[in-house]
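Just so it is clear, the values below take in all heavy atoms, side chains as well, and ignore hydrogens, waters and symmetry mates.
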Amino acid sequence: MKNTLANILLFLGPLFCMAQYVVKDIEEVSNLTSLSQERVYISVSENVFLPGEYLYYQFYCFNSANSKLSKISSVAYIELIDQNNEIIIQQKLRLENGLAQGDFFIPVDVQTGNYRLIGYTYWMANLTMKQAFVKDIYIINPYKDSNKLKIVEDDDLNFLSKTITNSSTKDLQIILETKLVKTREKVSFSIRNFKDYLGNGTYTIKVVKEPEFLQLENEYAVDYKSYFTNSAKQLNIKIGDTINLPEQRGELFYGQVKDNKGSKVTNQMVVLSSPGKESILKYARTNSEGLYYTYIKKPYRLNRMVVQPLNATDSINIEWGLKKPIEKTAFSPKEIVLRKRDINKIKQRSVYNQIENQFFEVKPDSILIGDKIDPFDGGIPEVVYLDDYTRFNTLEETLVEILNNAGYRKNGNGIDYIRILQDFEKVTEDYNNYPSIVLIDGVFIPNHESIREYNAHKIKSISLIRDQFVLGNKNYQGVMAIETFDGDFYQNYVPPIGINKSIETPVPKKQYFTQSYDNLEETYKNVPDYRRILMWEPSFEVNKEISTFSFYTSDIKGDFKIILDGFTSYGKPIFLSQSFSVE
């Protein structure tokens, strides 16, 4: 019986055939228009930044038809753009039940000005900026571009356009034990849900310094009612339209295959390798336009993808397809107006930020690795560590002298390939002459002859699976996974035919550092603490009557706020805040 990996590799839905899909008939129109559109909300730590600071965010993706967290797209995109619609920062997010979180560093050379934070999915990009979420972000660089700031007198309050977001619900309440605390003191609070399931939902909870620059007050979910109301529910399309397909089955990868004369090559099988210890192997077949495509659902670790033909041929060229960012629309930047006394506040905040960055290693965030990827998909490999044996110079010699179940042989055309003996509990006679799938550090090797003389002193281990597999339309007998000591074979691998492409990986999920002084006073006694963000809980699910929290204040004195920003389980935007002072 063929291994289940074969079925996984063979399965692709009939609708998803290329990145830019041309709608062919009325049935496809019906299928695509029945799929709901999406809308996005991004909750951010602040909306005014200095270079060298981090912007933290929580990404919410909703089904526009029912206002619940979306299960349509599995990938989303976030961009920070300047006044010329140039992308300053772009990140790819892996959605889990419509949610993702991340952060990015504000570049030190960024200019003072009004920027826009944009969030969308590839499915939403069909409607351009009309469907995307857009939020104003302000960056003040105290070391350059001072001429872009309007400075007014301290007593000139006419310029202020402060927008105060008031509590949007009586269903939830923030209960704070005290509203006057000291520096480095523990503060406890709770969120009470008075309405049972009506108050249940997913919320971003943060504790931040009150804005020093009053005209740049942040906005929250309840301030975007018009965006939520006006978002399209479905995509209106007709036969012949070209659309972006939703990334439902995972992240979409695609490209095109042409021959040496530039003509499109159809029905060509290509293999995509995501290298590393937790490698991923996918295949695709080119269509009538020479396009190949596939979806990767698993969280690949390395920013590299190797694309090669399944069957070696010297008459084709493989190209890599790039998804274009969402089409931007022009916007008029808002003027940043400051009072004279704000200049000293900016300088002080900049100093605090520099000190915090100097002690970043003492307060690090940690990346959550997530579930481990099994490259053998449940199979138990036979692993041979070469240091346990006499070393030989080449891979071929090593197979002959050490591995009893694998070696080179010639096929009927006189071409050398690596063959792995079957597991004799599952013998299928037809598979006796089939080649094996060979990987080096997760890179698929289509031509086994090319690694016959590979330096075996670089090899740490060789793992064998002796089951039968199908990759594309080709049968294989077993898998040989070679792991090098350095694990970097992919870095210098140049495919005889194909591409070795650097790609952007999705933002890893983090566990953000939480400052504590419980029984650790000596650890942090001499470490400055100038945190403006005292707590950042990007995604918290309220599902009971009372949820309790605590945090420690920093060395910064002044007014702070506890803020809850998010949505009930049925999509109602909620905002709560509670102020307190640090003396």
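Side-chain atoms of Tyr512 never come within 3.5 Å of backbone atoms of Met535 as a donor-acceptor pair (strictly under, hydrogens ignored). Using a distance-only test at 3.5 Å, with no hydrogens or angles considered, a donor-acceptor pair links the side chain of Ser45 to the main chain of Tyr56. No donor-acceptor distance shorter than 3.5 angstrom exists from the side chain of Arg304 to the backbone of Pro275, with no hydrogens or angles considered. Although no hydrogens or angles enter the test, the distance criterion places no donor-acceptor pair under 3.5 Å between the side chain of Ser350 and the main chain of Ile346. Of the possible polar contacts, none joining the Lys258 side chain to the Gly290 backbone as a donor-acceptor pair under 3.5 Å is found. Side-chain atoms of Lys328 come within 3.5 Å of backbone N or O of Ile326 as a donor-acceptor pair. A side-chain donor-acceptor contact under 3.5 Å links Thr112 to the backbone of Asn141. A donor-acceptor pair is defined here as one N or O able to donate and one able to accept, closer than 3.5 Å; such a pair exists between the side chain of Lys323 and the backbone of Leu252. In this structure, the side chain of Lys135 does not engage the main chain of Asn218 through any donor-acceptor pair within 3.5 Å. Judged by distance alone, the side chain of Gln37 and the main-chain N or O of Trp123 form a donor-acceptor pair under 3.5 Å.
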Inset, instruction - Mind running side-chain hydrogen bond (donor to acceptor under 3.5 Å, both in side chains) on Lys233 and Asn63 for me, showing each step along the way? - result: CA-CA 8 Å; Lys233 305 297 187 293; Asn63 182 316; over 6 Å; no

Legend entry - Working for side-chain hydrogen bond (donor to acceptor under 3.5 Å, both in side chains), residues Ser581 and Asp559: CA-CA 4 Å; Ser581 298; Asp559 296 327; 2.7 Å; yes

Inset, instruction - Might you work through the side-chain contact (heavy atoms from CB on, under 4.5 Å) test for Lys509 and Glu96, ending with a clear yes or no? - result: CA-CA 11 Å; Lys509 192 173 183 179; Glu96 297 179 12; 4.2 Å; yes

Inset, instruction - Let me see the working for Tyr203 and Glu537 under side-chain hydrogen bond (donor to acceptor under 3.5 Å, both in side chains), right down to the final yes or no. - result: CA-CA 9 Å; Tyr203 305 98; Glu537 186 69 45; over 6 Å; no

Inset, instruction - Go through the steps for Phe253 and Tyr292 under the test ring pair (Phe, Tyr, Trp, His ring centres under 6.0 Å), then give the verdict. - result: CA-CA 8 Å; Phe253 292 93; Tyr292 65 88; 9.9 Å; no

Inset, instruction - Let me see the working for Phe549 and Phe540 under side-chain contact (heavy atoms from CB on, under 4.5 Å), right down to the final yes or no. - result: CA-CA 11 Å; Phe549 305 87; Phe540 182 81; 3.5 Å; yes

Inset, instruction - Start with the C-alpha gap between Asn193 and Asn200, add the side-chain angles, then the distance that decides, and say whether side-chain hydrogen bond (donor to acceptor under 3.5 Å, both in side chains) holds. - result: CA-CA 8 Å; Asn193 177 8; Asn200 290 350; 3.0 Å; yes

Legend entry - Candidate pair Phe49 and Tyr54, rule ring pair (Phe, Tyr, Trp, His ring centres under 6.0 Å), full reasoning: CA-CA 8 Å; Phe49 297 90; Tyr54 281 87; over 10 Å; no

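Closest approach of Pro51 to Ile139, counting heavy atoms only: CD-CG2, 4.4 Å. Here the closest heavy-atom approach between residue Tyr60 and residue Gly566 is recorded as OH-CA, 4.0 Å. Residues Gly119 and Ile42 approach most closely at CA-CD1, 3.8 Å, considering heavy atoms. Thr33 and Ser30 get closest at one heavy-atom pair: OG1-O, 3.2 Å. Taking all atoms of both residues into account, the shortest heavy-atom contact from Asp171 to Lys572 is OD2-NZ, 3.9 Å. Between Ser74 and Gln248, the shortest heavy-atom contact is OG-O, 3.9 Å.
Between Phe580 and Phe560, the angle of the ring planes stays under 30°, which puts this pair in the parallel group of the 30/60° scheme. Ring orientation note: the planes of Tyr41 and Phe228 are nearly perpendicular, at an angle over 60° on the 30°/60° scale.
The shortest side-chain heavy-atom distance between Tyr300 and Ile503 falls under the 4.5 Å cut-off. Between Ile237 and Ile243 the shortest side-chain heavy-atom distance falls below 4.5 Å. Counting heavy atoms from C-beta on, the side chains of Glu327 and Met129 never come closer than 4.5 Å. No side-chain heavy atom of Val507 sits under 4.5 Å from any side-chain heavy atom of Arg94. The shortest distance between side-chain heavy atoms of Tyr138 and Ile140 does not fall below 4.5 Å. You'll find the side chain of Thr286 stays beyond 4.5 Å of the side chain of Leu291, heavy atoms only. Here the side chains of Thr505 and Lys92 are not in contact, with every heavy-atom distance at 4.5 Å or above. Residues Val222 and Ile574 fail the side-chain proximity criterion, which asks for heavy atoms closer than 4.5 Å.
Between Glu319 and Lys501 there is no salt bridge, since no side-chain nitrogen of the basic residue lies less than 4.0 Å from a carboxylate oxygen of the acidic one. Checked for salt-bridge contact, Glu46 and Arg532 meet the test: a charged N lies under 4.0 Å from a carboxylate O. The pair Glu278-Lys298 fails the salt-bridge criterion, with no side-chain N (NZ, NE, NH1 or NH2) lying under 4.0 Å from an Asp/Glu carboxylate O. A salt bridge links Lys363 and Glu356; the closest N-O separation between the charged side-chain nitrogens and carboxylate oxygens is under 4.0 Å.
Side-chain contact annotation: Glu504 with Tyr77, donor-acceptor N/O pair under 3.5 Å absent. Using a 3.5 Å distance cut-off with no hydrogens or angles, the side chains of Asp565 and Tyr220 do not pair a donor with an acceptor. Looking only at atom types and distance, the side chain of Asn230 has no donor-acceptor partner in the side chain of Lys225 under 3.5 Å away.
Heavy atoms of other residues, nucleotides or ligands lying less than 6.0 angstrom from NZ of Lys334 number 12 at most. Other residues, nucleotides and ligands place more than 12 heavy atoms under 6.0 Å from the CG atom of Asp555.
The structure places OG of Ser554 at 5.0 Å from CG of Asp529, a figure rounded to the nearest 0.5 Å. Atom CD1 of Ile26 sits about 10.0 Å away from atom CG of Asn31, to the nearest 0.5 Å. Rounding to the nearest 0.5 Å gives a distance of 10.5 Å between CD of Glu251 and CG of Leu93. To the nearest 0.5 Å, the span separating CD on Gln354 from CD on Glu53 amounts to 10.5 Å. Rounding to the nearest 0.5 angstrom, the gap separating the CZ atom in Phe551 from the CD atom in Gln515 is 13.0 Å. Separating the CD1 atom in Ile72 from the CG atom in Leu95 is a distance of 11.0 Å, to the nearest 0.5 Å.
Of the residues listed (Glu79, Arg39, Glu38), the one engaging Tyr120 in a side-chain hydrogen bond (donor to acceptor under 3.5 Å, both in side chains) is Glu79, and it is the only one.
Separation of the Tyr352 and Tyr530 ring centroids falls under the 6.0 Å cut-off.
Lys340 pairs by the salt bridge (charged side-chain N to carboxylate O under 4.0 Å, His left out) definition with Glu153, not counting sequence neighbours.
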